[in-house]
Amino acid sequence: MKYDFNQIEKKWQEYWAKNQTFKAENHSDKPKYYVLDMFPYPSGAGLHVGHPLGYIASDIYARYKRHQGFNVLHPQGYDSFGLPAEQYAIQTGQHPAITTETNIATYRRQLDQIGFSFDWSREVRTSDPSYYKWTQWIFIQLFNSWYNNDAEKAEDISTLIKIFEAEGNANVNAVCDDAVETFTAEEWKAFSSKEQQEILLQYRLTYLAETEVNWCPALGTVLANDEIVNGVSERGGHPVVRKKMTQWSMRISAYAERLLQGLEKIDWTDSLKESQRNWIGKSVGAAVTFNVKDHDDVIEVFTTRPDTIFGVSFMTLAPEHDLVSKITTPEQKAEVEAYIEATAKRSERERMADVKTITGAFTGAYAEHPFTKEPIPVWIGDYVLAGYGTGAVMSVPCGDQRDYDFAKHFNIEIPNIFEGADISEEAFADKDKTIIANSDFLNGLNYKKATKRVIFELEQLGQGVGKTNYRLRDAVFSRQRYWGEPFPVYYVDGMPQMIDAAHLPIQLPEVEKYLPTETGEPPLGNATVWAWNTETNEVVSNDLIDNNTIFPLELNTMPGWAGSSWYFNRYMDSTNNEAFASQEALNYWKDVDLYIGGSEHATGHLLYARFWQKFLFDKGVVPVDEFAKKLINQGMILGTSGYINMAICAIKFNTPEGTGSKSTNYYVPIDAVNQKGELTEEYKSILRKKNIQDYEYYKVSENDIIEETFVVNRTPVHVDAIDSSNNLIIDEFYKWKYPNQDLQKIKVIECISSDEVFKVGREVEKMSKSKYNVVNPDQICIDYGADSLRLYEMFLGPLEQYKPWNTAGITGVHGFLKKLWKLYVDDNGLKVNDSEPSADSLKTLHKTIKKVQEDIENFSFNTSVSTFMIAVNELTAQKCSSKAVLEQLLVLISPYAPHIAEELWSQLGHNESISTAAFPKFDKSHLVESSKNYPISFNGKMRFTLELPLDMSKEDIEKAVLAHEKTQEQLQGRTPKKVIVVPGKIVNIVG
RNA sequence: GCUCAAGUGGCGGAAUUGGUAGACGCGUCGGAUUCAAAAUCCGAUUCUUCGGAGUGCGGGUUCGAUUCCCGCCUUGAGUACCA
């Protein structure tokens with residue numbers, strides 16, 4: 001019986017689906033284990049071989065955990081809101097929901113054919129109203145919450161209102177907007193409802209705020225930084241301007257410290273934690289206020305080095321700083337305005353890229369030093385960023401390199417306040433070696449003591465306070481898009497109102513066009529039925545808006561990360577219509593035990609999801625405040641792009657009728673070009689001859705050539721037109737290069753090679769459609785089977801690493817599966833019997849059990865595939881047919897190659913899925929050896945091996961080795977200085 | 001610049017606590033089988049001047065270093081004038 005993988009895989013995939021083999025129960029006596037993949041955006045291109053890498057790894061782990069007796073939750077779904085479907089809708093008018101549905105069907109078919117053990121009954125789609133109902137619900141919860149710094153948690157907004165009513169806001173320690181005015185209880189009560197709402201908005205965890213954005217008027221949309229190239233939009237090249245827009249923001253900054261601390265208790269990769277730490281960007285220092293001379297205004301700065309305050313020789317404000325226009329003197333006005341205009345023209349990218357050019361302008365104003373009362377000139381400079389800290393710095397040139405460079409450039413004095421520091425060439429920034437000098441009461445103190453003392457003195461003066469600053473900014477939550485979650489928000493007198501949760505979901509309205517409106521409103525502005533009736537609690541026609549009972553709805557939609565910030569909780573109870581998940585389900589599954597996904601989500605999804613989880617934890621909705629205990633980043637599978645060269649050969653020649661010239665193009669193989677990128681002499685000669693032949697009409701010979709030029713250009717080749725030995729399949733290449741054309745009729749450029757084969761050059765790069773290097777898993781499943789694909793993806797290398805794909809190598813693992821099959825089945829059918837296993841076979845089995853178990857637990861899947869190969873090679877050589885061994889081997893392999901394992905398992909007489917079988921138990925007694933083949937080294941170099949009993953004493957080993965003739969040969973009469981014997985390991989002779 | 005990761009045959013990679021470097025597979029070469037091909041099977045495959053040398057480079061620790069330490073180079077990723 002042959003290994004008919006197509007038939008076997010189809011059979012078992014149907015079996016699993018029909019029997020719901022992998023359906024997880026929310027109640028079980030077994031311990032729980034939750035294995036999660038980052039869910040995909042269903043793109044129109046479908047899956048390529050890089051996508052399933054992480055899914056295969058997590059599937060192996062999930063299946064392994066089932067064998068280990070765990071109740072495993074291993075769900076899958078779709079992050080199905082997103083731009084590509086919307087772009088497609090703009091171009092074709094097809095509703096994004098239809099595009100999405102089609103793409104999901106493709107994804108599902110492709111995923112099914114790889115044989116994943118997903119519990120599809122729990123599938124979620126972020127674009128499904130039954131799902132985004134709860135995304136909207138969470139948004140409402142955020143709106144109705146504020147962050148209490150004293151309690152270090154989010155609390156209901158009603159508790160804040162109570163405080164306001166009782167005592168005003170003077171003692172409220174909340175995370176809120178910067179410019180909150182202080183009021184008393186009486187004042188609060190006297191405020192109008194609108195005024196109260198405005199104040200509360202400054203405290204809510206999601207709030208409306210003016211945000212500066214990159215606005216592209218031509219596209220009618222906001223662009224991300226990386227969508228802008230050289231100041232114009234990447235798509236279309238339209239101009240982009242900085243514009244203030246009112247948008248929803250998420251007060252993630254409230255959670256900065258907890259997001260930082262939480263990293264300590266989760267098992268995520270160090271590099272990922274490090275990037276989150278950098279992103280949060282905690283710095284400890286002080287906020288200091290400087291009075292501005294001849295003004296009532298103050299400049300507030302944040303500094304991490306308050307100990308250097310006596311070294312301040314100027315202040316620098318960001319050009320965008322509010323004070324600039326106020327304090328600039330008439331004499332300096334022209335210069336300052338010119339400077340501001342110049343910096344406004346430069347994009348943020350430009351300003352960042354250009355670090356060397358030092359620019360700035362003097363405002364003419366002076367601040368007053370809090371201690372010395374000396375005047376300090378106030379400058380503006382674009383090295384100070386408006387968006388960080390207060391947008392102003394106290395510049396200490398002797399202690400900060402940027403301040404130093406600025407001072408040098410503008411000839412500002414650089415006072416030295418460090419004992420024994422040389423600042424003639426550069427600033428002295430080493431905190432640990434700092435001893436403060438020339439600083440009044442700080443003289444002689446080190447960094448730590450000086451910082452403490454100066455903060456104390458500043459507090460006495462009322463001009464400063466110790467402060468911790470975070471780089472983490474609040475996250476903008478509005479998108480001017482159609483294909484996203486609508487906000488459950490309507491506006492009364494310009495103030496946002498939440499729709500009662502009982503009326504959710506608020507479904508996306510139908511629109512004629514998916515583009516922004518002519519007046520620049522988001523696409524939802526095109527909807528005609530998009531108003532909220534507060535009496536019937538329905539979405540009604542815009543015509544009915546009376547701002548009395550019927551109000552306009554929010555036109556923005558939520559960003560891509562909204563739905564992905566909590567989906568892992570939804571899987572626990574995905575069909576629940578009463579709650580986003582039941583408390584029972586949440587308390588049972590709690591958190592993700594293993595999360596696998598790409599590292600590109602380090603500071604996006606993975607930070608926002610942690611933020612929402614902490615918020616939901618504060619609200620008592622979820623039982624844990626970190627959603628994933630362990631996280632692994634899978635590396636990317638890279639494509640091997642192929643290319644050949646196009647040679648353009650131009651010749652000028654003498655003909656009887658005068659000078660003629662010809663230029664012809666040929667495809668030439670990669671070896672036709674030397675390292676300098678020039679055509680080789682051999683190929684020049686071939687092309688010359690060829691060219692002359694082609695123009696026989698002129699009857700020219702090589703002697704008639706008076707001038708010739710050769711130019712070569714790289715031409716990409718589709719991977720499908722390259723064979724396993726890197727040779728061009730010329731017919732396939734033509735078919736791909738000149739599609740839908742009759743190759744007989746059209747004149748195609750000739751492929752010319754000096755060899756029988758046509759060598760293609762290869763280059764490893766990201767797998768992408770535009771690079772023609774995408775390998776589709778469908779064809780691989782047809783040609784080799786899903787089990788081969790699964791094994792091969794794992795066999796390629798360590799999970800976390802980036803590695804190139806090369807389809808040719810799959811024959812190795814495919815051959816292994818055939819060999820495995822033959823161990824159980826031959827032409828006469830099953831050949832497994834009840835014979836006693838040999839000691840050798842038991843040894844093979846048990847060392848395999850040990851290794852594979854260790855490998856899975858270390859996520860070292862590549863090495864276990866090798867281990868299986870070794871095991872099968874050994875058992876084949878041993879002619880093992882013992883059921884006692886082969887049955888166990890199947891369970892070991894089943895997480896990796898589940899189809900073949902199920903098939904052989906059932907042929908061995910089992911009626912239940914192999915997934916219910918217990919993982920084999922390792923018994924070390926089978927591995928006991930009586931002797932060891934010792935490596936005998938001389939000065940650390942192994943020269944020969946010697947078989948010796950393991951129970952031999954150190955002394956006897958030494959004697960036996962020294963007596964050996966090869967030892968004498970190595971020593972050549974010398975006496976060894978020292979002999980190292982490590983019993984069971986090695987013998988090393990020194991001398 | 002900073003942070004993180006990684007450099008081992010022609011290629012993907014292995015060596016889990018410092019103990020036989022190159023497991024396993026691809027590719028290549030040779031052979032068997034075949035009318036032939038595919039498939040399958042067997043053997044060889046780091047370099048070498050046959051003494052040895054060898055895990056990016058230069059040092060160090062050690063009886064012994066791919067593994068630990070110091071300095072450097074290269075590549076990839078992230079981040080960016082963060083006060």
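The analysis underlying the following values was restricted to heavy atoms, covering all of them including side chains, and did not include hydrogens, waters or symmetry mates. Order of the sequence lines fixes the chain letters, A, B, ..., with proteins taken first and strands second; residue numbering starts at 1 for each chain. From a predicted model like this one, the values you see are computed outputs, not experimental measurements.
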Can you check the distance between [N] and [M], where both ends of the measurement are the [atom1] atom (answer in whole Å)?
N      : M      : atom1 : value
A15(B) : A21(B) : C1'   : 7 Å
A38(B) : U33(B) : C1'   : 13 Å
U62(B) : U46(B) : P     : 34 Å
G25(B) : A44(B) : P     : 13 Å
A80(B) : A14(B) : P     : 33 Å
G27(B) : C11(B) : P     : 15 Å
U75(B) : A36(B) : C1'   : 48 Å
A5(B)  : U55(B) : P     : 23 Å

Any side-chain N or O of [X] less than 4.0 Å from the OP1 or OP2 oxygen of [N]?
X         : N      : answer
Asn862(A) : A14(B) : yes
Asn873(A) : G25(B) : yes
Lys803(A) : G13(B) : no
Ser283(A) : A83(B) : yes
Arg277(A) : C4(B)  : no

Selection from [options] that lies nearest to any side-chain heavy atom of [X]:
X         : options                : answer
Lys818(A) : U40(B), A23(B), A80(B) : U40(B)
Thr945(A) : C24(B), U20(B), C81(B) : U20(B)
Leu385(A) : U40(B), A80(B), C81(B) : C81(B)
Asn988(A) : U20(B), G64(B), A23(B) : G64(B)
Tyr383(A) : A14(B), C81(B), A83(B) : C81(B)
Lys932(A) : A80(B), U20(B), G64(B) : U20(B)
Thr811(A) : G27(B), G19(B), G12(B) : G27(B)
Asn278(A) : A83(B), U3(B), G12(B)  : U3(B)
Val384(A) : A83(B), G64(B), U79(B) : A83(B)
Met869(A) : G25(B), U20(B), C82(B) : G25(B)

Within the 4.0 Å heavy-atom criterion, would you say [X] contacts the bases, only the backbone, or no part of the nucleic acid?
X         : result
Ser937(A) : nothing
Thr269(A) : nothing
Asp270(A) : nothing
Ser271(A) : sugar-phosphate
Gln801(A) : sugar-phosphate
Asp400(A) : nothing
Tyr802(A) : sugar-phosphate

Asn933(A) atom CG, neighbour heavy-atom count above 12 within 6.0 Å
yes
Does Lys630(A) have more than 12 heavy atoms from other residues, nucleotides or ligands lying within 6.0 Å of its NZ?
yes
Mind telling me whether [Y] and [X] have parallel, tilted or perpendicular rings, with 30° and 60° as the class edges?
X         : Y         : result
Tyr64(A)  : Tyr61(A)  : tilted
Phe795(A) : Tyr792(A) : tilted
Trp379(A) : Phe410(A) : tilted

Within this structure, what is the [atom1]-to-[atom2] distance between [X] and [N], rounded to whole angstrom?
X         : N      : atom1 : atom2 : result
Asp403(A) : C81(B) : CG    : C1'   : 10 Å
Ile810(A) : G12(B) : CD1   : C1'   : 14 Å
Lys467(A) : C82(B) : NZ    : P     : 18 Å
Lys985(A) : U17(B) : NZ    : P     : 10 Å
Leu791(A) : G12(B) : CG    : P     : 21 Å
Phe859(A) : A14(B) : CZ    : C1'   : 20 Å
Arg402(A) : G1(B)  : CZ    : C1'   : 11 Å
Lys954(A) : C63(B) : NZ    : C1'   : 12 Å

Check: Ser395(A)/Thr316(A) side-chain N/O donor and acceptor closer than 3.5 Å
yes
Show the nearest heavy-atom pair for residues [X] and [Y], with the distance to one decimal.
X         : Y         : result
Glu765(A) : Ser641(A) : OE2-OG, 2.5 Å
Asp307(A) : Ala450(A) : CB-CB, 3.6 Å
Lys831(A) : Val825(A) : CG-N, 4.1 Å

For Tyr792(A) and Val393(A), find the nucleotide of RNA chain B closest to each by heavy atoms; which residue's nucleotide sits nearer the 5' end?
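Its nucleotide being nearer the 5' end, the pick is Tyr792(A).
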Assuming nearest nucleotide by heavy-atom distance, tell me which of Tyr470(A) and Ile980(A) is located more 5' along RNA chain B.
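This one resolves to Ile980(A).
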Does the side chain of [X] reach to within under 4.5 Å of the side chain of [Y], using non-hydrogen atoms?
X         : Y         : answer
Thr363(A) : Ile380(A) : yes
Asp403(A) : Tyr383(A) : yes
Ser860(A) : Asn862(A) : yes

Tell whether Asp382(A) reaches the base of C81(B) with its side chain through a donor-acceptor pair below 3.5 angstrom.
yes
Syn/anti state for G9(B) [syn: chi within 90° of 0]:
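Syn, since the glycosidic angle lies within 90° of 0.
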G58(B) glycosidic torsion: syn (within 90° of 0) vs anti
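That one's anti.
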Under 3.5 Å, which N/O atoms of the protein pair with N/O atoms of nucleotides 51-56 of chain B?
residue, atom, partner, partner atom, Å
G54(B), N7, Lys941(A), NZ, 3.1

Would you call Glu854(A) and Lys847(A) a salt bridge, taking side-chain N to carboxylate O under 4.0 Å as the test?
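The answer is no: the pair does not qualify as a salt bridge.
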ring-ring contact (aromatic ring centres under 6.0 Å, His included) against His814(A), all qualifying residues, sequence neighbours excluded:
Phe5(A), Tyr784(A)
Using a 3.5 Å limit for the pairing distances, which stems of at least 3 consecutive Watson-Crick or G-U wobble pairs does RNA chain B take part in?
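Listed by first number, the stems are B:1-7 with B:73-79, B:10-12 with B:24-26, B:27-32 with B:40-45, B:56-60 with B:68-72.
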